[in-house]
Amino acid sequence: MLLEVRGVSKRFGGLQATRDVSLALNAGEIRGLIGPNGAGKTTLANLITGIYAPDSGEIRLRERRIDGARPSAIAHRGLLRTFQNTRLFGNLSARENLLVTIYAWCGLAAAARMRDEAERRAAHLLQLTRLDAVAELPARALSGGQRALLQLASGFMHPELALYVLDEPFAGINPVFVETILELLEHHRKHRGVAYLVVSHEMEIMRRICDRVAVMIEGAIFLEGSLEEIVADEAVIDAYLGRI
Amino acid sequence: MPISAGSEALRLDGVVSGYEPGVDVVRGASLRALAGAITIVIGPNGAGKSTLLRTIFGFLAPRAGTITSGDFELGGLPPHRIKALGIGYIPQQINIFPSLSVEENLKMGAWTLRGRRATIAERLDAVYDIFPALAEKRNHRSSSLSGGQARMLSVAREMMTQPQIILVDEPTAGLAPSVVPQVYAILTQARTATNAAILLVDQNVEGALEIADYVYVLDLGRVRADGPIAEFSLERTRELIRASLRG
Amino acid sequence: MKTVALGAAAVLLLATLPGVANPSLLHLLTITFYYVVLATSWNLLAGMTGQFSLATQTFAAIGAYTTGLTVYYLHVPIWAGILAAVAVSLLCGFVLGVLVLRMRTIYLAIATWAFAETVHISLGAAYNLTRGELGLSVPPLFGSLEPAPYFEVFLILAALATLTAWSIARSPLGSFMRAIKDDELRAESVGIDTVRVKIFVFTLTSGMTGLAGAFYAHYVAILSPNIADFSVIGTIITMVIVGGIGTVAAPLIGAPIVETLGALLSRYGEWDLAIFAAIVIVLMRTSTGGIVEAGRRLLSRLRQAQTT
Amino acid sequence: MALGITFIYSIVRLINWAMGAFYMVGSYLQFILVTQVFGVDRWWLAVPCSVALVFVLGALLEPILIRPMFAGNVERKDEYATVVTIALLLFMTAVASGISGPYQRTPGSNLGTIVLGPLPVSGARFAALVVALVALGLFYLFIKRTWLGMALRAAADSRTGVQIAGVDLARIDQFAFGGGVALAALAGALLAPVFLVFPTNGAMTTTKGFEIIIIGGLGSIPGALAGGLLLGVVESLGTVLIAPQYQNAYGFLLVLLILLVRPVGLFGKRLREV
């Protein structure tokens with residue numbers, strides 16, 4: 001088992017953001033996470049990646065507890081994430097944005113040794129994402145689609161990437177970029193066994209890529225299954241109608 | 001600017017807007033809201049419904065297209081000017097001032113009427129009549145309210161100015177089921193009592209359909225379907241949702 | 001490599017200056033080099049890492065007073081005093097960094113302000129120890145106050161500081177620092193231990209400043225609390241902003257401009273600071289790239305105006 | 001002073017590093033008004049005038065210096081606010097010493113020494129305390145009882161919320177900035193006879209203000225009051241029990257202690273920034 005989330009709850013003041021969420025992922029799996037607005041999807045992503053510490057419950061990555069650990073420590077173990085509103089290091093060049101991931105993983109002491117390897121990986125990813133023409137531009141000068149692509153690509157620089165949490169990776173992105181993103185996901189899944197937890201409302205894409213989908217409603221996992229099973233479930237449609 | 005029933009209160013033509021440069025969330029939406037009617041906008045997550053309301057209220061400037069109310073072009077005006085034109089906005093997040101008392105929160109809602117003591121007292125009484133729970137706690141800090149009461153307060157606050165156009169974003173999210181009908185009752189009351197045009201974005205599609213007069217279906221920032229309520233039976237809506245979930 | 005060679009050539013060329021220049025120019029340049037070190041360390045911290053310290057001058061004072069006091073009271077050799085100065089400023093930087101850098105960025109500025117003013121006032125108040133405003137007499141480094149050798153020392157210090165900043169900026173550490181400045185949460189999510197990087201940079205720059213302060217003490221010979229005056233950090237910030245915040249060259253451009261202007265305006269009282277502050281405000285509102293960038297923009301605008 | 005810093009921070013969301021300069025301007029205005037216009041006996045008339053003038057000065061400066069921060073054309077808001085207000089501090093201090101020179105002046109006081117129980121207290125100090133309490137009372141009433149005060153409190157809760165209510169946020173920011181610096185000027189005017197009038201006389205008070213804010217917790221008004229009290233007690237205890245010349249260092253040691261045991265301050269909220 002790659003990721004195990006067991007009975008995780010988080011409360012913000014009066015709002016129960018997630019309640020008793022359990023979720024398990026195997027290596028190489030793509031799991032979709034859908035649900036109405038405010039269902040707690042982003043909160044769950046934040047809990048898994050260490051931005052929040054859960055109030056109760058535990059999270060394990062390859063059997064080892066990661067709940068309560070700092071995001072940098074979790075990232076070090078191969079669990080990375082993207083942010084819904086693309087976040088990049090705006091004043092670093094596109095190439096540097098990629099390099100940072102690998103240096104953060106190996107540490108400064110080993111950075112010099114990793115330099116050639118890092119540059120090679122970066123060049124490869126820049127080529128795959130067709131960002132090589134803008135490689136030396138500061139990231140803030142890139143277009144919205146290019147930025148989203150770069151954010152995603154930066155995670156693939158991690159040499160031991162095991163699980164990649166993607167928060168709305170396709171929102172507002174030009175279809176051409178979407179295809180590139182999907183190619184990247186598939187490539188790293190096939191060759192490295194990377195697993196993905198994808199939060200998205202782009203159902204057409206989710207249907208294409210996800211093995212299974214989890215529906216979150218009111219902070220809890222309501223149902224898990226294939227997208228067909230979920231669409232066939234009257235209770236899910238009720239939930240989307242607002243009938244809880 | 002009195003608007004007679006059925007006249008056009010708000011009109012959007014080809015509105016484009018978004019937060020990040022280069023990423024449009026609303027991509028050319030056109031719709032209108034009539035006075036004395038509830039117009040609902042439904043659609044899947046990320047369709048741009050909330051962004052649409054934020055754009056109308058001036059938090060975002062439209063990148064293209066026009067937003068007009070009567071003879072006024074609203075695009076590019078700051079929120080306080082739009083409020084002064086008689087447009088109210090009830091945002092998705094519970095919108096109260098926790099360190100103020102319940103009554104002070106309501107008074108803040110009447111900011112544009114400040115100084116008109118009699119009017120404010122009258123409106124306060126009216127609001128307390130509708131929400132006895134708020135009347136009971138009028139001098140408490142609003143941070144002591146439950147989630148449902150806080151939601152009620154943020155709706156009630158916008159009623160203080162009796163706006164001609166009300167933009168409502170998910171008014172029932174997080175409310176106890178027993179309170180939901182009450183919130184809808186207030187909206188229908190505002191429609192008839194003050195002849196307001198109500199533009200409602202709601203996740204509680206079923207509940208919203210019951211009070212709506214006209215329906216727009218928004219998907220990926222554009223209007224996919226629209227029509228009077230008669231054309232949107234529950235069955236058809238379920239099918240629409242199923243189709244959009246299917247992708 | 002080309003940049004290093006060019007820099008080395010410039011340093012060698014400058015090193016021959018005492019043969020031809022008069023003492024007052026040498027003094028001016030010596031002080032400029034001192035400020036290059038201070039501005040470089042502030043720029044590493046604030047400009048590249050986004051951590052606003054307001055205590056750079058204070059670490060210089062800590063360095064200066066550490067060597068001054070140990071040499072004065074314990075009669076240790078000067079080099080031991082300077083070593084002690086570096087050790088004490090590193091330690092102070094580390095402790096303050098550990099306490100404050102876990103917090104939101106703004107706390108560093110508030111805490112360093114309080115630290116700076118407390119040290120400044122305490123230096124004056126601890127009259128028995130420091131002789132307060134009267135000044136602590138510190139033995140000069142080279143036996144005499146003849147400016148030429150000091151010029152060379154501070155030239156080397158400035159060159160070393162710039163070299164340090166330059167190699168950090170090009171190293172992975174430099175990209176971590178700029179990443180933290182751009183988006184700390186994302187830096188953490190990518191796997192950078194942001195707290196450690198921030199503490200490291202804060203400690204390093206504290207030591208660097210302490211070293212410069214220690215040499216400065218043995219140059220001015222009479223040490224007073226003025227070394228920790230708030231106007232010093234104002235001058236440092238002005239230099240970096242004028243030179244273009246966050247760039248390695250900022251102190252090299254900013255320090256000579258500000259020092260020279262200051263010297264020219266000194267006979268009119270403190271108006272120079274007012275003028276600098278006004279320049280900073282104008283630059284912040286128009287171009288954070290500093291005076292070079294602002295000039296370049298102005299030129300291109302003029303050129304555009306000509307062609308149309 | 002800490003109240004002024006907190007007041008501006010909670011509404012405009014920035015630390016105004018130039019508070020000491022407005023304190024200084026307040027003390028100079030007091031000095032000028034007392035020596036040139038009102039005379040020593042009517043010093044209490046000069047106080048509100050000085051404060052009002054500084055309020056106007058702050059309200060005029062805000063749109064020029066601070067507002068660009070919210071107009072969206074400033075890339076790094078914190079960096080901008082910090083550098084600009086520090087530059088403003090240097091500018092005002094330098095202009096003051098350019099005009100008046102570094103001399104220490106005093107507006108004089110018509111109040112002799114008062115004996116309070118066993119302690120002799122200078123009349124000016126006592127008057128400063130009384131007037132400060134009265135002013136805080138008025139400030140409290142203003143904040144609690146007026147429409148504008150309510151809007152200010154509401155803006156501290158939610159900047160979006162007040163815009164939805166139809167409040168012109170730019171005006172609120174302008175008023176809050178003016179009000180905050182006026183509080184600094186009040187301290188400056190009242191303490192002018194005690195701590196004298198010179199270009200950098202605001203530094204110490206600003207430092208105390210920042211220490212109080214770390215002790216009490218950033219953005220908390222009760223924190224500011226409690227922090228002020230605690231700082232005062234610790235400093236006097238240190239002065240009496242250890243040695244008077246390090247009076248100012250005790251406060252900072254308290255700050256370090258607070259940072260060690262409760263980094264967010266006594267009244268600060270524990271919040272992990274996202």
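- Using a 4.5 Å cut-off between heavy atoms, A:R77 makes no contact with chain C at all.
- Contact of C:V197 with chain A is not made at all, since no heavy-atom distance falls under 4.5 Å.
- For A:R87 (side chain) and C:R186 (main-chain N/O), no donor-acceptor pair under 3.5 Å exists by modelled atom type.
- For chain C, the nearby parts of A:L88 are the backbone and the side chain; heavy atoms of each come within less than 4.5 Å.
- For C:D182 (side chain) and A:N91 (main-chain N/O), a donor-acceptor pair under 3.5 Å exists by modelled atom type.
- Shown here is A:F177, whose CZ atom has more than 12 heavy atoms of other residues, nucleotides or ligands within 6.0 Å.
- The distance from the OH atom of A:Y103 to the CD1 atom of C:I192 is 12.5 Å, given to the nearest 0.5 Å.
- At least one side-chain heavy atom of C:F176 sits less than 4.5 Å from a side-chain heavy atom of A:L108.
- Using a 4.5 Å cut-off between heavy atoms, A:T101 contacts chain C through both its backbone and its side chain.
- Residue contact with chain C, scored on non-hydrogen atoms closer than 4.5 Å, involves the backbone and the side chain of A:L92 alike.
- Distance OG/C:S175 to CG/A:L99: 7.0 Å, rounded to 0.5 Å.
- Within a 6.0 Å sphere centred on CZ of C:R196, heavy atoms belonging to other residues, nucleotides or ligands number 12 at most.
- Taking CZ from A:R70 and OG from C:S189, the interatomic distance works out to 11.0 Å, rounded to the nearest 0.5 Å.
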